[in-house]
Amino acid sequence: MRDTESFYHRAVRIIKSIPKGKVATYGLIAHLAGSPRAARQVAYILSSSWKKHSLPWHRVVNSRGCISLKPGRGYEEQRELLEKEGVLFRDDGSLDLTDYQWKPEKDLADMEDF
DNA sequence: AACCTGACTTCGG
DNA sequence: TCCGAAGCCAGGT
């Protein structure tokens, strides 16, 4: 059996476990789910079925700590949701990953170089 | 089966 | 530091 299904479910599970007030990058989620390079797939999962799994989609940002969504296509909504959880944005629209990025406990991860 | 597409990431100029 | 190109993964057509 291919691993794609597992990846999907693992990714969903990981996204669900992102605590309020924290964020995770696409790459980190992909990494934890077992495919370090599948960041795009994580994005796909969010856009296609965040509703289906009640995922906290707004807690996922790109590697620079910015919202990947374009203005008018969810950007403002995501930013608002995050601000409601206490996340502060800089003038350029980015947030401080060193403060907000979720660091999962060793349960889920078999991260090699952490 | 082949090609296109995307809420990404990384590297080189 | 900023911009463009290439690499990657999986779903949709």
Side-chain angles (χ1 to χ4, degrees):
Chain A
M1 190 62 174
R2 191 112 173 61
D3 200 44
T4 60
E5 219 169 332
S6 301
F7 174 80
Y8 180 92
H9 285 300
R10 266 180 281 163
V12 167
R13 184 178 175 72
I14 290 166
I15 295 168
K16 276 187 176 178
S17 59
I18 301 173
K20 182 183 175 191
K22 290 288 182 179
V23 301
T25 64
Y26 299 92
L28 176 62
I29 294 169
H31 195 281
L32 296 177
S35 293
R37 310 290 177 178
R40 304 193 77 146
Q41 195 54 26
V42 174
Y44 177 82
I45 292 172
L46 288 173
S47 64
S48 68
S49 46
W50 64 270
K51 217 165 193 174
K52 182 174 168 185
H53 298 285
S54 306
L55 302 178
W57 58 276
H58 56 283
R59 301 195 187 126
V60 185
V61 298
N62 66 28
S63 65
R64 299 176 324 190
C66 295
I67 291 175
S68 284
L69 292 171
K70 293 171 185 174
R73 305 226 338 188
Y75 173 88
E76 313 210 341
E77 188 182 355
Q78 178 169 13
R79 175 160 176 167
E80 190 178 337
L81 286 169
L82 285 174
E83 289 179 329
K84 255 182 223 171
E85 298 189 347
V87 176
L88 301 179
F89 287 81
R90 304 198 187 98
D91 291 337
D92 64 356
S94 69
L95 52 81
D96 194 334
L97 282 178
T98 59
D99 282 346
Y100 297 118
Q101 182 163 183
W102 172 51
K103 315 276 191 192
E105 304 305 325
K106 46 267 178 185
D107 307 338
L108 306 158
D110 54 312
M111 358 193 206
E112 304 119 40
D113 33 86
F114 258 161

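Chain naming here is simple, since letters A, B, ... match the order of the sequence lines and numbering starts at 1 in each. Quick caveat: nothing in here was measured; it's all calculated off a predicted structure.
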(request) Please report the shortest heavy-atom distance between A/Ile18 and A/Ala24, naming the atom on each side. (result) CD1-CB, 3.7 Å
(request) For A/Ser47, answer base if it contacts any base atom (sugar-phosphate contacts may also be present), sugar-phosphate if it contacts only those atoms, and nothing otherwise; contact means non-hydrogen atoms under 4.0 Å. (result) base
(message) Under 4.0 Å, heavy atom to any atom of DNA chain B: which of residues 66-81 of chain A qualify?
(response) A/Ser68, A/Leu69, A/Arg73
(request) To the nearest Å, give me how far apart CD1 (A/Ile29) and P (C/dC8) are. (result) 21 Å
(request) Give the rounded distance in Å between these two atoms: CD1 of A/Ile45 and P of C/dC9. (result) 14 Å
(message) Can you measure A/Gln41 atom CD to C/dG11 atom C1' for me and round it to whole angstrom units?
(response) 7 Å
(message) Any side-chain to backbone donor/acceptor pair from A/Lys22 onto A/Asp99? Under 3.5 Å, distance only.
(response) yes
(request) Name the orientation class of the two ring planes belonging to A/Trp57 and A/Trp50 (parallel below 30°, tilted from 30 to 60°, perpendicular beyond 60°). (result) tilted
(request) Examine distances only and state if a side-chain atom of A/Tyr8 and a backbone atom of A/Gln41 form a donor-acceptor pair shorter than 3.5 Å. (result) no
(request) Kindly say whether A/His58 contributes a backbone atom to a donor-acceptor pair with the side chain of A/Glu77 at under 3.5 angstrom? (result) no
(message) Rounded to whole Å, please give me the gap between CZ in A/Arg40 and P in C/dG7.
(response) 13 Å
(message) Whether A/Ser63 contacts B/dT9 is assessed here as follows: a side-chain N or O lying under 4.0 Å from the phosphate OP1 or OP2. Is that the case?
(response) yes
(message) Nearest whole Å is fine: how far is B/dC8 P from A/Tyr26 OH?
(response) 6 Å
(request) Rounded off to whole Å, could you give me the CZ-to-C1' distance for the A/Arg37 and C/dA6 pair? (result) 13 Å
(request) Identify whether A/Leu82 and A/Leu69 are in the same connected component of the hydrophobic contact network (ILVMFWY, side-chain heavy atoms under 4.5 Å). (result) yes
(request) Grab the OH-P distance between A/Tyr44 and B/dT9 for me, whole Å please. (result) 18 Å
(request) Can you tell me the distance, in whole Å, between the NE2 atom of A/His31 and the C1' atom of C/dC8? (result) 14 Å
